[in-house]
Q: 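I have a structure here, written as structure tokens, and I will follow up with some questions on it.
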Protein chains: 2
Amino acid sequence: MGVMVADRAGKDALFDGFAEIAKALGNGRRAELVDVLAQGERHVEDLAAEIGQSIANTSFHLRTLATVGLVATRRDGTRVYYRLASAQVAELWSVLREVAVAHHASIDELAAAYLGDRDALELVRRDELVRRIADGDVIVVDVRPHLEYAAGHIAGAVSIPIERLARQVRNLPADVDVVAYCRGPFCVFADDAVRLLRKRGRRARRLEDGFPEWRNASLPVQTAPIPERTS
Amino acid sequence: MGVMVADRAGKDALFDGFAEIAKALGNGRRAELVDVLAQGERHVEDLAAEIGQSIANTSFHLRTLATVGLVATRRDGTRVYYRLASAQVAELWSVLREVAVAHHASIDELAAAYLGDRDALELVRRDELVRRIADGDVIVVDVRPHLEYAAGHIAGAVSIPIERLARQVRNLPADVDVVAYCRGPFCVFADDAVRLLRKRGRRARRLEDGFPEWRNASLPVQTAPIPERTS
DNA sequence: CTCCTCCTCAAGGAACTACTTGAATAGTGG
DNA sequence: CCACTATTCAAGTAGTTCCTTGAGGAGGAG
């Protein structure tokens, strides 16, 4: 110890350790897994379907994430449920995406190709939505799969999974603004919802990001399941 | 567009794009480069020496970082200077380290092996240091290489690069607390400084992290070079 | 212009990564 | 205890990454 020649091997090993975390996120399929897990815990089979990979491969990717501590597991009966190790991991994922949007030239094109033209979708910022919920002049619709809604959602939101939205539009009051949200800024569900609602003549916009960002900002959430609006 | 089957290829491509950013940080040498560049811009030869790699290899790693937009360049005469693309990148690096510390089991050992026993080093938190600087009852010492100090430092800090500290201890007033800082929470300079100062009977502690975190927290910095304390 | 310095690019080999298929394991429910 | 289900492990292959060496630019000084 003390003031001496730099300990190259030790420094390299430490930074290799940091790099392992980045490497774990350095695969598109694992990134998708983290994105889904930010909504709440899921079992392997379910996750495999979500990312469109084989179960064995998905299990392998989950192990990679678990080895560096980004995810944790819990067994329930025959199933193994994976979850993010902490909200900090969701925060890391969020910052990573922001940097990608700000600096990585090709993200714009890729996002445009996947999400379609977003110019018409007018984003609602979190603070604006907080205010409008307080004023009570807006309906907040969670268009994620119902299980994700049940695991946690924006306080006061109703659950209408995107695939049921077309059938349930008529149950929404016609003269109130609708704000749709889903998993995050790069999730298509809310985009699709806004387009559909507008086609039906409703005033609809989407939240700028999704539930994980809302929760990480310490804004009010509900975790007790609320009965889904049925027709 | 609209409510239809998920566009798997498009989604995969987008998330591969995000993963590229992580992949760029997913190498220990590139992580070291980002850590150094968070202090300010540097030219290639200098960076190669800093990370202990060949110039060609360093140039290659820098190109990798530049391709995904994490770093930017500027030419001055025959030299090419690299810098982080923005403060957001330093923020990403910082969050990544925090997650590593919180969740990656082996970081503790690696950090202990590299940094030595830190228990005795009593950390000073940023907010405490802000208060004590305002009270004027502390000397803040920047122990990084002088060029990094010149590129930006905590407002009011004096520059005593670690390799000169032993010779300059006598010039520090004896009855005032000293707080040392350097590049970040995993930089050895400040640790070494505190150990040295204590051996000489001074009251010394280290700042919890380093200059990049101070600047990113929007705390007061100086960028105009201040004459170095000489003996 | 010519030389020099600093940096980047290209080729090549060792080591690693991603995904597939098929076998093994752990825990449950009867 | 047996059969079953969900998950993990193992082996194999195609593709990628890291680092080295040496050649090829770009810009400035003389």
Side-chain angles (χ1 to χ4, degrees), chain A residues 8-9 11-13 15-34 36-37 41-68 70-83 147, chain B residues 8-9 11-13 15-34 36-37 41-68 70-83 147:
Chain A
R8 173 57 50 197
K11 184 173 185 192
D12 284 3
F15 279 74
D16 283 349
F18 293 136
E20 274 178 34
I21 299 282
K23 220 178 267 180
L25 288 173
N27 172 278
R29 256 28 70 219
R30 288 197 292 271
E32 288 185 49
L33 286 171
V34 169
V36 176
L37 291 174
E41 64 173 14
R42 293 299 205 64
H43 57 83
V44 180
E45 195 173 9
D46 193 7
L47 288 166
E50 191 75 60
I51 69 167
Q53 297 288 312
S54 71
I55 291 179
N57 193 206
T58 303
S59 176
F60 164 77
H61 280 312
L62 288 166
R63 186 107 318 275
T64 305
L65 290 168
T67 302
V68 299
L70 291 179
V71 305
T73 62
R74 161 179 90 80
R75 183 178 267 279
D76 178 27
T78 73
R79 313 207 99 126
V80 174
Y81 285 84
Y82 281 80
R83 64 178 183 282
L147 272 174
Chain B
R8 173 57 50 197
K11 185 174 185 191
D12 284 2
F15 278 74
D16 284 349
F18 292 137
E20 274 179 34
I21 299 281
K23 219 178 270 181
L25 288 174
N27 172 278
R29 258 26 70 219
R30 287 197 292 272
E32 290 185 47
L33 286 172
V34 170
V36 176
L37 290 175
E41 64 172 13
R42 294 298 204 69
H43 57 83
V44 180
E45 195 173 9
D46 194 8
L47 289 166
E50 192 75 59
I51 67 168
Q53 297 288 312
S54 71
I55 290 180
N57 193 206
T58 303
S59 176
F60 164 78
H61 281 311
L62 288 167
R63 188 108 316 275
T64 305
L65 290 168
T67 302
V68 299
L70 292 179
V71 304
T73 62
R74 160 179 91 79
R75 184 179 264 279
D76 178 27
T78 74
R79 311 205 104 126
V80 175
Y81 286 84
Y82 280 79
R83 63 178 183 280
L147 271 174

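Basis for what follows: all heavy atoms, side chains included, without hydrogens, waters or symmetry-related copies. Proteins get letters first, then strands, A, B, ... in listed order; numbering begins at 1 in each.
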Q: Using atom CG of A:Leu62 as one end and atom C1' of D:dT8 as the other, report the distance to the nearest whole Å.
A: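 That distance rounds to 11 Å.
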Q: Could you list by number each residue of residues 44-54 of chain B showing a heavy-atom separation from DNA chain C of less than 4.0 Å, or answer none if no residue does?
A: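 Of all residues in residues 44-54 of chain B, the ones placing a heavy atom under 4.0 Å from DNA chain C are B:Val44, B:Glu45.
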Q: Atom CZ of B:Arg42 and atom C1' of C:dC7: how far apart are they, to the nearest Å?
A: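 Taking atom C1' of C:dC7 as the reference, CZ of B:Arg42 is at 17 Å.
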Q: Any heavy-atom pair between the side chains of B:Leu70 and B:Leu25 that's under 4.5 Å?
A: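 They are in side-chain contact.
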Q: Heavy-atom distance under 4.5 Å between the side chains of A:Asp46 and A:Val36, does that happen here?
A: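 No - every pair of side-chain heavy atoms lies 4.5 Å or more apart.
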Q: What is the distance from CG of B:Asn57 to C1' of D:dT20, rounded to the nearest Å?
A: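 It works out to 8 Å between those atoms.
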Q: Going by number, which of residues 74-81 of chain B have a non-hydrogen atom under 4.0 Å from DNA chain C?
A: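 Here the set is B:Thr78, B:Arg79, B:Val80.
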Q: For A:Phe60 and C:dC16, what is the distance between atoms CZ and C1' respectively, to the nearest whole Å?
A: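 The distance from CZ of A:Phe60 to C1' of C:dC16 comes to 11 Å, rounded to the nearest Å.
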Q: I need the minimum non-hydrogen distance between B:Leu47 and B:Tyr82, along with the two atoms involved.
A: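 Answer, listing the atom of B:Leu47 first, then B:Tyr82: CD1-CB, 4.2 Å.
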Q: OP1, OP2 of C:dC19 versus side-chain N and O of A:His61: anything below 4.0 Å?
A: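 Yes, because at least one side-chain N or O of A:His61 sits under 4.0 Å from OP1 or OP2 of C:dC19.
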Q: Give me the atom names and distance for the closest heavy-atom approach of B:Gly28 to A:Ala19.
A: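 Shortest heavy-atom separation between B:Gly28 and A:Ala19 comes out as N-CB, 3.5 Å.
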Q: Working to the nearest 0.5 angstrom, can you tell me the gap between A:Thr73 OG1 and A:Leu62 CG?
A: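 It comes to 9.5 Å.
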Q: When you match A:Thr64 and A:Ala56 each to their closest nucleotide on DNA chain C, which lands nearer the 5' end?
A: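 The residue whose closest nucleotide sits nearer the 5' end is A:Thr64.
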Q: Heavy atoms only: give me the nearest B:Thr58-B:Gln53 pair and the separation to one decimal.
A: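 Shortest heavy-atom separation between B:Thr58 and B:Gln53 comes out as OG1-CB, 3.7 Å.
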Q: Looking only at the side chain of B:His43 (C-beta and beyond, no hydrogens), which of the listed nucleotides C:dC7, C:dA18, D:dT7 gets closest?
A: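 Output: C:dC7.
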Q: Nearest of D:dT7, C:dA18, D:dT8 to any side-chain atom of A:Tyr82?
A: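 From the listed options, D:dT8 comes nearest.
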Q: A:Asn57 versus A:Ile51: any side-chain heavy-atom pair under 4.5 Å?
A: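 Contact flag for A:Asn57/A:Ile51 side chains = no.
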Q: Whole angstrom is fine here: how far is it from CD1 in A:Ile55 over to P in C:dG22?
A: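 It works out to 15 Å between those atoms.
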Q: Please list, in numerical order, the residues of residues 16-34 of chain B that have a heavy atom closer than 4.0 Å to any atom of DNA chain D.
A: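 B:Asn27, B:Arg30 - these, ordered by number, are the residues of the stretch whose heavy atoms sit under 4.0 Å from the strand.
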Q: Of the non-hydrogen atoms in B:Lys23 and B:Arg30, which two are nearest, and what is the gap between them?
A: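 Distance-wise, the nearest heavy atoms are O-NH2, 3.2 Å.
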Q: What is the minimum heavy-atom distance between B:Glu32 and B:Glu50, and which atoms define it?
A: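 Closest pair (atom of B:Glu32, atom of B:Glu50, distance): OE1-O, 4.3 Å.
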Q: Backbone N or O of A:Val44 within a donor-acceptor pair of the A:Arg42 side chain at under 3.5 Å?
A: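 No, the answer is negative, given that no donor and acceptor are paired below the 3.5 Å cut-off.
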Q: Minimum heavy-atom separation for B:Leu65 and B:Ala24, please, with both atom names.
A: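 Answer, listing the atom of B:Leu65 first, then B:Ala24: CD2-O, 3.7 Å.
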